[in-house]
There are 2 protein chains.
Amino acid sequence: MEHALGPGAEFDAVRRLVRGWGDLAAGIGDDAAVLDVPPGERLVVSTDASVERVHFRREWLTPAQIGARATTSALSDLAAMGAAALGIVVALVVPAAWRPDLDAVAAGIGEAVAAAGTRIVGGDMSSGAELSITVTVFGTAARPVTRAGAQVGDDVFVTGLLGGPLLALRALQRGEEPTHRAHRLAFAAPVARLGEGRWLAARGATAMIDVSDGLAADLRHVAAASGVRLRVELGALPRVAGASPLDALASGEEYALAACVPPGAVDVTAFEQAFSTSLTRIGTVEAAVPGGTLVVVDDAGGRVDLPPGHDHFSS
Amino acid sequence: MEHALGPGAEFDAVRRLVRGWGDLAAGIGDDAAVLDVPPGERLVVSTDASVERVHFRREWLTPAQIGARATTSALSDLAAMGAAALGIVVALVVPAAWRPDLDAVAAGIGEAVAAAGTRIVGGDMSSGAELSITVTVFGTAARPVTRAGAQVGDDVFVTGLLGGPLLALRALQRGEEPTHRAHRLAFAAPVARLGEGRWLAARGATAMIDVSDGLAADLRHVAAASGVRLRVELGALPRVAGASPLDALASGEEYALAACVPPGAVDVTAFEQAFSTSLTRIGTVEAAVPGGTLVVVDDAGGRVDLPPGHDHFSS
């Protein structure tokens with residue numbers, strides 16, 4: 001664990017964090033951590049920064065939620081590749097005003113790591129003007145699932161119920177508490193769908209993505225990478241109570257998984273029993289199209305105008 | 001490459017960066033990058049954040065040097081493990097005031113990556129209040145060298161000539177240009193000693209560290225991790241022109257390697273011919289000592305008081 005908080009205080013802070021993580025931290029204290037990729041598996045890596053006032057606001061989340069959310073967001077990228085988590089490293093930039101809350105932020109990171117069944121294998125701590133949490137995740141998969149493999153005829157599925165984070169965000173931006181506890185929770189305590197991603201990968205998922213920018217924006221990424229036309233039925237979108245179908249298309253930071261799967265390859269009931277989460281068929285891969293495109297249709301077959309992608313709090 | 005600079009501008013910035021990197025960037029654009037660890041090799045990972053006003057000052061370095069230095073600092077941790085680089089991911093937090101210099105920062109990152117013979121396999125870009133560059137490095141080694149393996153009787157070696165970054169920093173802090181171009185260069189354009197680290201590992205190095213906090217502070221880490229007493233001869237320290245032996249002990253961000261090696265295991269001339277860099281025996285591993293300790297002696301055999309560790313610009 002490297003560090004630049006100044007001598008004494010810096011080592012104490014790192015030691016306290018590592019002690020707080022207990023068995024969740026492993027191998028910290030050398031120049032680098034050493035991990036093993038199982039034979040026949042490939043290494044999958046991703047990095048994700050969460051920055052104060054860009055990705056989160058202190059007044060809307062507890063310090064532990066901020067730590068957990070930053071970690072979940074990174075782990076969700078492994079889920080989208082159908083990978084198992086091997087470990088994470090965390091680079092923290094900690095302003096003086098955040099030092100009293102550092103243990104709580106770290107506890108949140110630990111919670112997300114424990115939920116994913118993985119470990120913190122290294123890190124870096126520095127002072128700075130605003131809290132930022134950069135989580136880099138390492139995973140392994142025999143056959144990582146990219147965004148680029150969707151095949152004509154595949155079904156398009158999405159996990160869970162969409163819209164909660166957007167409804168919660170709207171309430172918070174109006175200065176109100178979200179009306180439903182489920183919306184609040186979906187926003188403040190999202191879950192990385194690692195088991196779900198591996199399950200879908202094992203059943204032959206051809207393309208997968210986690211819903212971070214909003215379902216419409218993320219499916220556009222899949223359509224572009226795969227060079228296909230995706231057709232999604234607006235009425236089929238699984239939604240939390242109070243969310244419109246358009247909310248479900250626009251809501252970001254869901255960390256649900258959207259997957260293209262060969263027809264007949266998944267048993268929805270088995271998935272739902274295994275994960276206590278819904279799995280919903282929302283459309284099909286219609287045709288190969290250079291550049292790719294997403295078409296959303298309403299019940300009358302009319303084409304729906306799509307919302308823009310989620311852009312965090314920046315404008 | 002994930003991002004949160006806002007739609008349009010954000011994608012344009014990421015695309016421009018990736019285009020600028022050319023062949024140095026590979027596999028960017030999915031949720032995660034996929035890499036292969038050669039059979040029989042272990043995965044070595046480390047993360048390192050460089051934050052404006054903590055790790056660097058804009059008035060002392062060009063934007064390209066800032067990018068290169070942040071990347072070199074992270075790659076140097078692989079060198080210290082005797083690992084070969086497999087790839088890096090970069091998380092950038094870019095304030096509006098830095099956007100005009102972003103291409104130059106990225107070019108510097110590319111230079112360091114090219115010098116290390118590796119690739120940028122993923123990243124993340126966000127807005128924020130201060131420039132920060134978090135580089136996470138992945139490498140492989142059949143037998144990674146930690147700080148913990150030093151054996152009684154080993155020789156202690158260090159690569160290169162020490163003191164340049166400290167002399168340059170002192171001049172810059174006085175508002176002057178460093179008197180020697182070599183000091184300036186050692187400070188502004190350090191090199192990650194990846195080849196040197198692998199060479200030393202292949203010859204049986206038992207413990208290794210890169211000199212980032214200052215030789216004395218870093219050798220203390222090795223002594224503590226290995227549980228040994230290291231004895232270093234002050235007069236043997238290899239120094240740049242103008243540096244005192246104490247400067248050589250205190251100078252940080254050198255990215256030289258310090259290694260413990262079984263006696264007779266290295267051919268200094270062969271090393272120096274291979275890398276055009278000096279390799280100097282500076283001491284020995286004297287005894288096993290619980291907790292470990294570093295003793296530096298002058299020519300008369302007297303014990304020298306040690307400088308504190310380098311603490312970047314924070315206090």
Side-chain angles (χ1 to χ4, degrees), chain A residues 2 4-7 10 29-37 39 42-49 51 53-55 77-78 80-81 83 86-87 89-93 121-124 126-130 132 134 136-139 144 146-148 208-210 212 225 308-309 311-312 314-315, chain B residues 2 4-7 10 29-37 39 42-49 51 53-55 77-78 80-81 83 86-87 89-93 121-124 126-130 132 134 136-139 144 146-148 208-210 212 225 308-309 311-312 314-315:
Chain A
E2 299 281 331
L5 287 177
E10 106 193 30
D30 225 298
D31 290 297
V34 179
L35 301 168
D36 289 305
V37 174
R42 308 190 70 188
L43 174 66
V44 179
V45 300
S46 183
T47 193
D48 202 23
V51 181
R53 280 181 292 271
V54 178
H55 298 91
D77 286 323
L78 292 183
M81 303 290 286
L86 194 62
V89 293
V90 185
L92 291 163
V93 176
V121 299
D124 180 281
S126 170
S127 55
E130 66 199 346
S132 97
T134 302
T136 304
V137 292
F138 321 105
T146 69
R147 301 172 179 179
M208 203 148 56
I209 196 165
D210 65 324
S212 53
D311 66 347
H312 303 275
S314 55
S315 59
Chain B
E2 298 282 330
L5 289 177
E10 102 192 34
D30 224 298
D31 290 298
V34 179
L35 300 168
D36 289 305
V37 174
R42 309 189 70 188
L43 174 67
V44 178
V45 300
S46 183
T47 193
D48 202 23
V51 180
R53 281 180 291 271
V54 177
H55 299 90
D77 287 324
L78 291 184
M81 304 290 286
L86 195 61
V89 293
V90 185
L92 291 163
V93 176
V121 299
D124 181 282
S126 170
S127 55
E130 64 200 345
S132 97
T134 302
T136 304
V137 292
F138 318 103
T146 69
R147 301 171 179 181
M208 202 147 59
I209 196 165
D210 65 323
S212 54
D311 68 348
H312 303 275
S314 54
S315 58

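Model, not experiment: these values are computed from the prediction. Chain naming here is simple, since letters A, B, ... match the order of the sequence lines and numbering starts at 1 in each.
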Exercise for review: Give a yes or no on whether the backbone of Arg147(B) and the side-chain of Asp30(A) come within a donor-acceptor separation of less than 3.5 Å.
Suggested key: yes
Exercise for review: May I ask you to decide if Thr136(A)'s main-chain N or O and Thr136(B)'s side chain share a donor-acceptor pair within less than 3.5 Å?
Suggested key: no
Exercise for review: Using a cut-off of under 4.5 Å on heavy-atom pairs, state which of Val89(A), Val34(A), Val44(A) scores highest against chain B.
Suggested key: Val34(A)
Review point. Of all of Ala49(A), Ala83(A), Ala80(A), which one pairs up most often with chain B through heavy atoms under 4.5 Å apart?
Key: Ala49(A)
Revision key, fill the gap. Among Leu78(B), Ile209(B), Leu86(B), the residue with the most heavy-atom pairs under 4.5 Å to chain A is Ile209(B)
Chain A heavy atoms under 4.5 Å from [X]: which part of the residue, side chain, backbone, both or neither?
X	result
Val121(B)	side chain
Pro144(B)	side chain
Val45(B)	both

Practice item. Apply side-chain contact (heavy atoms from CB on, under 4.5 Å) to Ser132(A) and list each qualifying residue two or more places apart in sequence or on a separate chain. Key: Val51(A), Val93(A), Thr134(A)
Point to revise | By side-chain contact (heavy atoms from CB on, under 4.5 Å) - contacts of Ala148(B) (at least two apart) | key: Thr146(B), Ala225(B)
Revision key, fill the gap. What one should report as the nearest heavy-atom pair of Met208(A) and Asp31(B) is O-OD2, 3.6 Å
